[in-house]
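Structure first, commentary second.
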Amino acid sequence: MKILTRKHFKSSTEPWAGLQLDTADTQRVAAMVEAAVRHQAMVSVLGARGVGKTCAIRYALQRSPDVRVVEPLRLTRDKLHMGDIEIALVRDLSNESPKRSAETRSQQVQRVLGHSSIKQRIVLMIDDAHMVHGNTLRALKRL
């Protein structure tokens, strides 16, 4: 049916892709995310699969022009660890290559975050954080 509709209307892409409805839930998530960014706090958005949690968060972050979003990606999200997060921060916020040694890289991350946070607010977005190991979450609190 999608193919027939696309051909009929001569549309090459999904017509509803990127549609963002401003609902009460989206407004609540936006207010919560904006407050967390302002106060440099951690926030968790919970809900059933497919209800639009990630879309609502991205929408809220796009509304803030002085926010830089860093999103570490890994094909196996349950294997995401602090090293992956540090590498993503260094790569996204600087022109440097991440250091190989964990201790040196941690110092590099602190320095890069310090310089970057002067210019803009930094938001680390981790999708499916419930799959992240507890030690990684504890390390994020120290970050």
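Below, all heavy atoms of this structure are taken into account, side chains as well, without hydrogens, waters or symmetry copies.
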Nearest 0.5 Å, what's the [atom1]-[atom2] distance between [X] and [Y]?
X	Y	atom1	atom2	value
K119	L93	NZ	CG	9.0 Å
L137	I126	CG	CD1	7.0 Å
L46	K53	CG	NZ	8.5 Å
D92	L124	CG	CG	9.5 Å
R68	Q120	CZ	CD	6.0 Å
S106	M82	OG	CE	7.0 Å

Using side-chain heavy atoms (C-beta onward) and a distance below 4.5 Å, is [X] in contact with [Y]?
X	Y	answer
L89	V112	no
V43	I57	no
V67	V69	yes

Do the side chains of [X] and [Y] join up, straight or via other hydrophobic residues, at under 4.5 Å, putting them in one cluster?
X	Y	result
V33	I122	no
V29	M125	yes
M32	Y59	no
L80	I87	no

For salt bridge (charged side-chain N to carboxylate O under 4.0 Å, His left out), just list the numbers for E34 and R121, CA-CA rounded to whole Å, side-chain angles, deciding distance to a tenth of an Å, and then say yes or no.
-> CA-CA 11 Å; E34 289 166 2; R121 295 174 187 204; over 6 Å; no
Taking [Y]'s backbone N and O only, do any of them form a donor-acceptor pair with [X]'s side chain (distance below 3.5 Å, no angle check)?
X	Y	result
Q108	S97	yes
R105	K99	yes
H81	G83	yes

For a quick test of reading the model, state the closest non-hydrogen atom pair linking [X] to [Y] and the distance between them.
X	Y	answer
A30	R63	CB-NH1, 3.9 Å
V70	P72	O-CD, 3.8 Å
G114	S117	O-OG, 3.1 Å

The side-chain contact (heavy atoms from CB on, under 4.5 Å) partner of P98 among T104, V109, V90 is V90
What do you reckon, is CG of N95 surrounded by more than 12 foreign heavy atoms closer than 6.0 Å?
->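 Not buried by this count: 12 neighbours or fewer within 6.0 Å.
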Evaluate the criterion salt bridge (charged side-chain N to carboxylate O under 4.0 Å, His left out) for residue pair R111 and E96; output intermediate values, then yes/no.
-> CA-CA 11 Å; R111 182 178 45 74; E96 302 176 22; 2.8 Å; yes
